[in-house]
Amino acid sequence: MLGAGFVALVDALGERDAPDVAPLRVAGDRFSGVAVRADRLGDDGYRETARRVFGRVTPENELKWEVVHPERGRYDFGPVAKVAEVGPMRGHTLVWHLQNPAWLEQGSFSRDELIAIMRDHIFTVMRRLRNVREWDVVNEAVSDEGPLRDSVWLRGIGPDYIDLAFRFAREADPDARLYYNDYGAEGAGTKSRAVLALLRRLRARGVPVDGVGLQGHVDTKPIPAFDATLDAYVALGLDVVFTEVDVRVDPDAPDLDAQAAQYARMGRACVARPRCRGFVVWGVSDAESWVPEAYPGQGDALLFDDDLRPKPAYDALRRALSGQP
Ligand code: XIL
């Protein structure tokens, strides 16, 4: 028997056990996944939850340029290697406007130099991580207002940086599935109109984009014209993956049933479409979630609580992904 004192001590140390729950399996030949942080993997409960419950992992930050390419021409694959130990990986992300190192953001490069830098990065990272079969090649290139977002890439290369990124990625690893990934494009609105228009133009020009990653950082409100929007991506001939799902609530009065219902709606929408290939949540437990920082006053957005106990959302999503009504 463990004394109450011992249990209190373990609690105080923040030790958590992995929950005794079934893995999230997705009906059909598809995957569940979770974003993992290399710096949390020393926590057994965290690591074991990621390993046992989910089929794939996405490095939450370890493939961002500031981590993997901290100096020009110097790559550090140490952090991402730790994430890859947990399970098969989705590649996130090759070209983005955030989490770039100063040498890249503040360097003064000619257009040709910047293209060469991007090409070298894509080739080096993709060839090093050959077992990664799916990549978010370009992330968040569209602004919330619709035009392409300002970035070191748009400024230094021009709008065709997107074409180049996908073409380099195809050349670097011809068999990998290549995704365009963005947020706020799950439902009808300015953003999804602009993302759809971009993807349509890319496909028309023969740019090798295979799928769209819908991040799915949402709250509990119904997503407008959700089904029709998903169908519009599929109609372009694209695969769809929910790449970064979390459903934020007010941590002071969390409506866990509304949260569960939102997860279930998204899970069911994926399972209902053969072109939806996978469903990834953006973190293991509420204790690691990026939401409280990104959306002040909101949080508790994930499937497991701070102590790794399953929330109603876990069960709702498990049932939805398994194809149960
Ligand atoms: C977030 C991470 O979760 C945070 O740890 C980091 O501080 C900022 O980036 N869209 C993306 C992800 O494509 O890479 C972002 O991840 C969340 C929004």
Side-chain angles (χ1 to χ4, degrees), residues 29-31 33 56-59 62-65 68-69 73 75 77 80 84 88-97 99-100 104 109 111-142 148-149 151-154 156-182 185 194-215 232-244 274-278 280:
D29 173 29
R30 316 176 223 220
F31 59 89
R56 288 200 197 167
V57 292
T58 304
E62 292 72 7
L63 280 177
K64 294 170 182 176
W65 283 58
V68 79
H69 198 168
Y75 291 85
F77 288 99
V80 76
M89 215 162 52
R90 272 199 96 242
H92 174 79
T93 178
L94 294 166
V95 177
W96 194 27
H97 67 288
Q99 292 180 270
N100 286 326
L104 177 64
F109 305 110
R111 179 172 189 275
D112 285 349
E113 274 176 317
L114 203 54
I115 290 173
I117 287 169
M118 185 173 86
R119 183 179 190 281
D120 183 72
H121 181 92
I122 290 173
F123 270 69
T124 304
V125 173
M126 289 184 77
R127 293 205 163 161
R128 174 71 172 242
L129 301 172
R130 271 284 187 184
N131 49 353
V132 174
R133 302 322 306 140
E134 183 172 312
W135 287 92
D136 292 334
V137 177
V138 174
N139 196 31
E140 301 179 351
V142 172
L148 290 184
R149 176 193 297 284
S151 73
V152 64
W153 308 114
L154 185 65
I157 298 177
D160 57 336
Y161 84 85
I162 300 173
D163 303 41
L164 291 167
F166 279 100
R167 293 192 193 282
F168 292 152
R170 182 64 98 220
E171 203 187 324
D173 187 347
D175 302 322
R177 302 290 291 169
L178 308 181
Y179 279 71
Y180 174 78
N181 191 51
D182 215 326
V195 169
L196 280 159
L198 170 67
L199 290 167
R200 199 174 296 119
R201 288 195 306 271
L202 293 175
R203 301 277 291 184
R205 288 202 288 272
V207 175
V209 48
D210 301 310
V212 61
L214 301 173
Q215 294 184 5
Y233 293 109
V234 170
L236 289 181
L238 296 164
D239 283 348
V240 176
V241 170
F242 287 96
T243 50
E244 307 184 11
R275 293 307 294 266
C276 182
R277 304 306 314 150
V280 181

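A quick note: this is a predicted structure, and the numbers were derived from the prediction, not measured. What's counted below: heavy atoms across the whole structure, side chains too, no hydrogens, waters or symmetry copies.
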Legend entry - salt_bridge(R205, D163) N-O dist < 4.0 Å: yes
Inset, instruction - Decide, yes or no, whether a salt bridge links D210 with R275 under the criterion of side-chain N to carboxylate O below 4.0 Å. - result: no
Inset, instruction - Determine the minimum heavy-atom distance between R149 and L154, stating which atoms define it. - result: O-CD2, 3.3 Å
Legend entry - Separation between CZ of F166 and CG of L178, rounded to the nearest 0.5 Å: 6.5 Å
Inset, instruction - Indicate yes or no for a side-chain donor-acceptor contact from R177 to the backbone of R133 under 3.5 Å, with no hydrogens or angles considered. - result: no
Inset, instruction - Side-chain contact test, heavy atoms from C-beta onward, threshold under 4.5 Å: evaluate it for L236 versus R200 and give yes or no. - result: yes
Inset, instruction - Test side-chain contact (heavy atoms from CB on, under 4.5 Å) on F242 and V280 and set out the steps. - result: CA-CA 6 Å; F242 287 96; V280 181; over 6 Å; no
Inset, instruction - For P274 and R30, work out which heavy atoms get closest and say how close. - result: CA-NH1, 4.3 Å
Legend entry - Contact summary for A194 and V142, nearest pair of heavy atoms: CB-CG1, 3.6 Å
Inset, instruction - Decide yes or no for N181 and L214: does some side-chain heavy atom of the first lie under 4.5 Å from some side-chain heavy atom of the second? - result: no
Inset, instruction - Please tell me if the side chains of V95 and M118 come closer than 4.5 Å, counting only heavy atoms from C-beta onward. - result: yes
Legend entry - Interatomic spacing from CD in Q99 to CG in L63 - rounded to 0.5 Å: 11.5 Å
Legend entry - Nearest-0.5 Å distance that lies between atom CZ in R277 and atom CG in D29: 5.5 Å
Legend entry - Nearest-0.5 Å distance, CG of residue L104 to CZ of residue F109: 6.0 Å
Inset, instruction - Mark yes or no: R119 above the aromatic ring of F123, with NZ or CZ under 6.0 Å from the six-membered ring centre and no more than 45 degrees from the axis. - result: yes
Legend entry - Pairing residues for H92 by the ring pair (Phe, Tyr, Trp, His ring centres under 6.0 Å) criterion, not counting sequence neighbours: W282
Legend entry - Side chain to side chain, M126 and L94, heavy atoms closer than 4.5 Å: yes
Legend entry - Side-chain touch W153/W96, heavy atoms, less than 4.5 angstrom: no
Legend entry - Minimum side-chain heavy-atom gap H121-I117 below 4.5 Å: no
Legend entry - Smallest separation among heavy atoms of G73 and H69, with atom names: N-NE2, 3.1 Å
Inset, instruction - Salt-bridge test for R56 and E134: reply yes if a basic N is under 4.0 Å from a carboxylate O, no otherwise. - result: yes
Inset, instruction - Salt-bridge test for R111 and D160: reply yes if a basic N is under 4.0 Å from a carboxylate O, no otherwise. - result: yes
Legend entry - Shortest non-hydrogen separation from T243 to Q215 and the atoms involved: OG1-CA, 3.3 Å
Legend entry - Point-to-point distance, once rounded to the nearest 0.5 Å, from CD of E244 to OG1 of T93: 8.5 Å
Legend entry - Check: L164 and I115 side chains under 4.5 Å, non-hydrogen atoms: yes
Inset, instruction - Answer yes or no for R90 and Y179: cation-pi contact, defined as NZ/CZ to six-membered ring centre under 6.0 Å and angle to ring axis within 45°. - result: yes
Inset, instruction - Report the C-alpha separation of L238 and R203 in whole Å, then their side-chain angles, then the decisive distance to 0.1 Å, and conclude whether the side-chain contact (heavy atoms from CB on, under 4.5 Å) test is met. - result: CA-CA 9 Å; L238 296 164; R203 301 277 291 184; 4.0 Å; yes
Inset, instruction - Determine whether V152 and H97 make a side-chain contact, defined as any pair of heavy atoms from C-beta on separated by less than 4.5 Å. - result: no
Legend entry - Side chain R170, main chain A176, donor-acceptor under 3.5 Å: yes
Inset, instruction - Kindly give the heavy-atom pair with the smallest separation between Y180 and V209, and that separation in Å. - result: N-CG2, 4.1 Å
Inset, instruction - Using the side-chain contact (heavy atoms from CB on, under 4.5 Å) rule, pick out the option among M89, R128, K64 that qualifies with V80. - result: M89
Inset, instruction - Tell me, with the steps shown, if L148 and I162 meet side-chain contact (heavy atoms from CB on, under 4.5 Å). - result: CA-CA 10 Å; L148 290 184; I162 300 173; 3.8 Å; yes
